[in-house]
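Have a look at the structure below before the remarks.
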Amino acid sequence: MQVIKLFKELLGTQSLTPDDGGLFDRFEKMLTDFTAIRIDRNGVKNLFLYKKFSEGDHLCFAGHVDVVPAGEGWDSDPFQAVEKDGYIYGRGAQDMKSGVAAFVQAVADAKDFNGTLSLLLTSDEEGPALDGTIAVLEYLKEHSMLPDFAVVAEPTCETQMGDAIKIGRRGSINATLTIQGKQGHAAYPAKVTNPVNLLAPQLVKIAGHLLDQGDDFFEPSQLVVTDIRGGMQVTNVTPNDVRIMFNVRNNTLTTIEDIQAYLADVLKDIPYELDIAQSSRSFRTNKESKIVKHMTAAIENICKITPKHSTAGGTSDARYLAQFEIDVVEFGVKNDTIHKVNERTTAQEVELLYKSFTKLISDFGKDR
Ligand SMILES: [Zn+2]
């Protein structure tokens with residue numbers, strides 16, 4: 001199959017972040033009837049390819065060609081596609097050269113589409129991801145070219161091909177909370193302001209606190225303390241301050257402002273400082289969205305399984321698409337060897353992925 005040939009070629013191309021390994025030139029040559037826009041920012045290469053077939057919705061396939069370093073201990077060359085024991089091995093086999101090969105081939109093979117088809121490709125997802133997908137979206141917004149719907153082909157399946165798509169992701173918020181006191185001699189507790197004493201009665205309302213109850217799609221957002229420290233590791237001096245570090249993997253019910261307000265209430269009589277920042281935002285695509293319905297139907301048709309609608313896992317570039325109000329889902333092969341040595345997938349999964357995308361493209365104009 002053509003898609004497997006392409007997939008093996010991608011695996012044989014070394015493309016460590018932020019290097020595209022020449023793949024963008026390759027894709028441009030493959031899709032000659034598509035218009036190409038190259039957006040390079042701070043040494044990161046990005047490619048946007050689009051074609052308007054007719055009036056109608058704009059559907060975009062998005063992904064990254066960069067991979068994480070191979071690491072030590074591979075049984076074969078990580079930058080060669082090696083077939084063994086029914087698997088295809090190589091860095092990026094799951095994350096996410098299988099996804100890129102599947103949608104590039106599916107879009108290249110599309111004879112017709114009810115609207116505009118596009119590809120958004122970056123070489124900076126595994127790195128800081130500050131000049132990748134987001135840079136392309138900013139450009140598209142400026143030129144009124146943002147897609148209506150998007151599929152990110154990150155690996156999403158758990159135990160069987162087609163068993164899960166992602167329709168949202170939790171965000172991540174990091175913070176350092178400092179409780180201010182006044183250092184002094186342990187023998188004169190009345191003359192010091194011990195920050196541990198200030199904090200102690202309130203700590204139970206902070207550590208492990210559930211900021212919401214979760215919903216049908218997300219677990220509750222929990223305040224997870226990762227570090228507490230204060231003092232000088234001696235027994236005769238009380239600490240000047242106590243610092244607590246914490247992380248919240250927040251769902252769409254809790255915002256950074258909610259956390260600030262909660263802590264302001266809990267610590268209302270205590271001098272404190274809060275240094276808090278969002279490293280990625282949460283999102284969830286409506287279950288009734290056309291892209292959720294059509295992706296689900298295409299998987300049922302091709303993989304003979306109904307995918308669950310998951311929001312588990314870390315972050316991906318899907319968050320950026322959601323930020324620009326694009327309805328986005330993620331679907332790709334199984335993800336049990338991502339970032340590991342001997343990363344691998346099967347030809348069957350890549351073929352099913354390609355066929356699912358082909359089915360999505362051909363049915364997207366039809367009502368569901
Ligand atoms: Zn990835």
Side-chain angles (χ1 to χ4, degrees), residues 6-7 10-11 13-21 23-24 27 44-47 60-71 78-79 81 88-104 106 119-137 150-158 161 164-172 249 279-283 285 295 307 310-323 326 328-346 349-350 353-354 356-357:
L6 178 64
F7 174 48
L10 302 193
L11 286 181
T13 306
Q14 190 162 334
S15 55
L16 294 167
T17 314
D19 183 11
D20 78 319
L23 289 174
F24 293 165
F27 296 147
V44 170
K45 287 183 182 171
N46 303 287
L47 172 64
C60 175
F61 288 90
H64 60 91
V65 298
D66 60 316
V67 294
V68 294
F79 296 103
I88 302 174
Y89 290 81
R91 174 54 84 221
Q94 290 185 331
D95 185 12
M96 57 172 282
K97 286 180 170 174
S98 45
V100 171
F103 69 61
V104 168
L119 300 177
L120 192 169
L121 291 152
T122 181
S123 61
D124 175 36
E125 196 273 346
E126 301 289 6
L130 298 174
D131 297 300
T133 301
I134 185 89
V136 180
L137 292 169
V151 177
V152 178
E154 288 280 3
T156 54
C157 292
E158 294 169 6
M161 184 58 193
I165 64 172
K166 289 200 199 297
I167 61 161
R169 296 261 188 168
R170 296 178 302 175
S172 185
R249 294 297 162 121
S279 67
S280 69
R281 284 191 218 177
S282 60
F283 75 91
T285 302
M295 192 70 257
S310 161
T311 58
T315 64
S316 81
D317 275 0
R319 67 191 145 138
Y320 292 131
L321 292 145
Q323 204 176 305
I326 299 162
V328 59
V329 299
E330 296 172 74
F331 177 53
V333 296
K334 280 200 287 182
N335 59 17
D336 55 344
T337 61
I338 53 174
H339 296 203
K340 295 182 181 173
V341 297
N342 298 325
E343 184 177 350
R344 63 187 190 181
T345 187
T346 62
E349 285 178 66
V350 181
L353 189 60
Y354 161 76
S356 298
F357 289 155

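Remember, it's 1-based here, ligands and their atoms both numbered in the order they're listed.
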| said: Which atom name would you report as the N, O or S atom of Glu154 nearest the Zn ion (ligand 1)? | reply: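 Looking only at N, O and S atoms of Glu154, the one nearest the Zn ion (ligand 1) is named OE1.
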
| request: Of all N, O or S atoms in Asp95, identify the one at the shortest distance from the Zn ion (ligand 1). | output: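 Closest to the Zn ion (ligand 1) among those atoms: OD1.
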
| query | Any chance CZ of Arg281 has more than 12 other-residue heavy atoms, nucleotides or ligands included, within less than 6.0 Å? | reply |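 Counting other residues, nucleotides and ligands, CZ of Arg281 stays at 12 neighbours or fewer.
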
| query | Is the shortest heavy-atom distance from the side chain of Asp66 to the side chain of Glu125 under 4.5 Å? | reply |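 Yes, at least one pair of side-chain atoms sits under 4.5 Å.
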
| 2.8 Å cut-off met by an N, O or S atom of Glu126 to the Zn ion (ligand 1) |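 No, outside the cut-off.
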
| said: Once you measure the plane-to-plane angle for Phe357 and Phe103, does it fall in the parallel (<30°), tilted (30-60°) or perpendicular (>60°) bin? | reply: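 Because their plane-to-plane angle lies in the 30° to 60° range, the rings of Phe357 and Phe103 count as tilted.
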
| Minimum heavy-atom separation for Cys157 to Phe331, with atom names? |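 Heavy atoms only, the tightest pair is SG-CE1, 3.7 Å.
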
